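Notes follow the structure.
Lettering follows sequence order; numbering is per chain, from 1. All of these numbers come straight from a predicted model, not from anything done at the bench. Heavy-atom basis, side chains included; hydrogens, waters and symmetry copies ignored.
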Protein chains: 2
Amino acid sequence: MPRVGLDLSKIIQAAAKIVDEQGVEAITLAAIARDLSVKPPSLFNHVQGLSQIKRELSLIGVKMLYDTMQPASDGKLGDEAIFALANAYLQFTRDHPGLYEFTIALPHPKDEEIEKEGNKIIALITEALRNYQLSEENAIHAVRGLRSILHGFSSLEQKGGFGMPLRKEESLNLVIKAFLTGLDQIK
Amino acid sequence: MPRVGLDLSKIIQAAAKIVDEQGVEAITLAAIARDLSVKPPSLFNHVQGLSQIKRELSLIGVKMLYDTMQPASDGKLGDEAIFALANAYLQFTRDHPGLYEFTIALPHPKDEEIEKEGNKIIALITEALRNYQLSEENAIHAVRGLRSILHGFSSLEQKGGFGMPLRKEESLNLVIKAFLTGLDQIK
DNA sequence: TCACTATAACTAATGGTATTAGTTTATGCA
DNA sequence: TGCATAAACTAATACCATTAGTTATAGTGA
């Protein structure tokens, strides 16, 4: 019985690799155990079960997304900050499609730790929109709008929803450009 | 052995009810069979397996979404048509959250029948955008943008992504309003 | 009306999954 | 060096999808 030296972190790393390379459907305790050269029950020494693993994937997903977006917008303001955030967001969804899905498909709607991390992302977007002089209420609408654009575009791209070969980054830039331009006039 | 009179349609209806009421995770042959008071193997007399059922859910999902959107925009043009489409889209995702997920999570990327139905939805949006005088290329970008907004907003709402109590329809209207206003200036 | 055929729905069996209980043994610490 | 903790295991249970083979119903033709 050679001890492999498992721990929660190694299990989550293996799980993250599987979802990013093979899709969220492929995440099973059996697959993780295989990847770690261990039998499935061994995982229970370090983890409550599959649902905890999914929860941890959501958590590191949100954290990694924030860590990707934060440096991108740092020091920038207005349009420049928004486009930087958008590019970072899109890049993350391309680099980590599986993990990204877990950032959206929340386990229990009320997981405070995940919610806290998610709020950091929202704060980042809110901050980038600061110099648009929006009312408090419109700022909330605008953040929701930007999140909808970012998630919708990324999700549709992931699922192969865009048939045309036309450059997709160009599409995202145009939506955001139009949205921001229109935002300026609504106030 | 009383014959229940199963057929493909009844099976798909039962499956649709399950995904809309209990979520896409809940769709299993066992659950469908229970709902129809039948043993799981009986389903194989009418269906290839679970993957075909999922494929059929995608197909009727796309068809139903089109049938919801088409009458909404019929006879309208410009902003009015776009907002009508958006409201119909949002309503569909609320009435049929499970079916809606299947319209996005396509089975094999290349299912011609589903793709054909999907193209009818895209044509509807394209038509509604007609009088914005967009170049052919920008029209494609704009359709992608609108789809991103609609899907992103609906998906985030479904997943409980919007915490605030602030009226959500208002948010969607503002994003679209801003997007359309900006679109007018880009050309 | 009756037999016959096609097939709907079944039971039994296989192999995959998560999870729990109970066992063995490696490893770190006294 | 010995011992206690716990890591990894085997065995077992319960669920799932799917296939093979069985039973018997319902519609057809005589």
Side-chain angles (χ1 to χ4, degrees), chain A residues 1-61 98-99 101-102 105-108 111, chain B residues 1-61 98-99 101-102 105-108 111:
Chain A
M1 242 183 274
R3 298 205 176 183
V4 184
L6 278 191
D7 62 16
L8 178 62
S9 167
K10 279 179 190 161
I11 292 173
I12 303 304
Q13 291 311 313
K17 194 178 74 176
I18 290 169
V19 297
D20 279 341
E21 292 176 357
Q22 303 171 49
V24 295
E25 308 282 313
I27 192 68
T28 62
L29 291 180
I32 298 170
R34 265 191 299 274
D35 187 82
L36 294 167
S37 305
V38 144
K39 305 292 177 185
S42 304
L43 300 174
F44 284 83
N45 284 315
H46 308 276
V47 155
Q48 305 268 354
L50 189 54
S51 55
Q52 189 198 342
I53 292 180
K54 291 179 178 177
R55 187 260 175 195
E56 300 295 332
L57 287 177
S58 295
L59 181 59
I60 69 160
L99 231 34
E101 274 198 59
F102 275 101
L106 301 172
H108 295 290
D111 187 312
Chain B
M1 242 182 270
R3 297 205 176 184
V4 185
L6 278 191
D7 61 16
L8 178 61
S9 168
K10 281 179 189 162
I11 292 173
I12 302 304
Q13 292 310 314
K17 193 179 75 176
I18 291 170
V19 297
D20 280 341
E21 291 176 357
Q22 305 171 46
V24 294
E25 308 281 313
I27 191 67
T28 62
L29 290 181
I32 297 170
R34 263 192 299 275
D35 187 82
L36 294 167
S37 304
V38 142
K39 305 292 177 185
S42 305
L43 301 175
F44 285 83
N45 284 314
H46 309 277
V47 154
Q48 304 268 355
L50 188 55
S51 55
Q52 189 198 343
I53 293 180
K54 292 180 177 177
R55 187 260 174 193
E56 301 295 331
L57 288 178
S58 295
L59 181 59
I60 69 161
L99 232 32
E101 276 199 57
F102 274 101
L106 301 172
H108 294 289
D111 187 310

Handout entry: N or O in side chain of B:Ser42 less than 4.0 angstrom from C:dC10 OP1/OP2
Key = yes
Exercise for the section: Give the rounded distance in Å between these two atoms: NE2 of B:His46 and P of D:dT18. Expected result: 16 Å
Practice task
Calculate the interatomic distance between B:Leu43 atom CG and C:dT11 atom P; express it in whole Å.
Solution key: 14 Å
Close N/O contacts between protein and nucleotides 14-18 of chain C (under 3.5 Å):
| residue | atom | partner | partner atom | Å |
| --- | --- | --- | --- | --- |
| C:dA18 | OP1 | A:Leu29 | N | 2.3 |
| C:dA18 | OP2 | A:Ala30 | N | 2.9 |

Completion exercise
The reported gap from OG in A:Ser9 to NE2 in A:His46 (rounded to nearest 0.5 angstrom) is 12.0 Å
Exercise for the section: Could you tell me the separation between the CG atom of B:Leu6 and the P atom of D:dA26, rounded to a whole number of Å? Expected result: 13 Å
Completion exercise
With sequence neighbours left out, the residues meeting side-chain contact (heavy atoms from CB on, under 4.5 Å) with A:Leu59 are A:Arg55, A:Glu56, A:Lys63, A:Glu113, A:Ile114, A:Glu117
Problem - Close approaches to DNA chain D from residues 13-26 of chain A, in residue order (heavy atom, under 4.0 Å) - result: none
Could you give the side-chain donor-acceptor pairs of residues 23-43 of chain B under 3.5 Å, partners two or more places apart or in another chain?
| residue | atom | partner | partner atom | Å |
| --- | --- | --- | --- | --- |
| B:Thr28 | OG1 | B:Ala31 | N | 2.9 |
| B:Asp35 | OD1 | B:Lys17 | NZ | 3.0 |
| B:Ser42 | OG | B:Lys39 | O | 3.2 |

Problem - Interatomic distance, A:Leu57 atom CG to A:Asp20 atom CG [nearest 0.5 angstrom] - result: 9.0 Å
Problem - Distance in angstrom units between B:Gln52 CD and D:dA17 P, rounded - result: 15 Å
Handout entry: Minimum heavy-atom distance B:Gln48-B:Gln52, with the two atoms named
Key = N-OE1, 2.7 Å
Problem - Protein-nucleotide distance (B:Lys54, atom NZ; D:dA17, atom C1'), rounded to Å - result: 11 Å
For nucleotides 2-7 of chain C, tabulate all protein N/O to nucleotide N/O atom pairs closer than 3.5 Å, reporting atom names and distance.
| residue | atom | partner | partner atom | Å |
| --- | --- | --- | --- | --- |
| C:dT7 | O2 | B:Arg3 | NH2 | 3.2 |

Handout entry: Working for side chain to side chain contact (heavy atoms under 4.5 Å, CB included), residues B:Ile11 and B:Ile53
Key = CA-CA 8 Å; B:Ile11 292 173; B:Ile53 293 180; 3.9 Å; yes
Exercise for the section: Taking B:Gln22 for its side chain and B:Ile18 for its backbone only, find out whether a donor-acceptor pair lies under 3.5 Å. Expected result: no
Fill in the blank from the handout: Of D:dA7, C:dC10, D:dC9, the nucleotide closest to the side chain of A:Lys39 is D:dC9
Practice task
Not counting sequence neighbours, which residues clear salt bridge (Lys or Arg N to Asp or Glu O under 4.0 Å) with B:Asp7? List them please.
Solution key: none
Problem - Closest non-hydrogen atom pair between A:Leu99 and A:Gly61, with its separation - result: CG-CA, 4.0 Å
Problem - Between C1' of C:dA9 and NZ of B:Lys10, the distance in whole Å - result: 14 Å
Completion exercise
One should read off an interatomic distance between A:Ile12 CD1 and A:Lys54 NZ, to the nearest 0.5 angstrom, of 12.5 Å
Handout entry: Flag, side chain of B:Ser58 to backbone of B:Leu106, donor-acceptor distance under 3.5 Å
Key = no
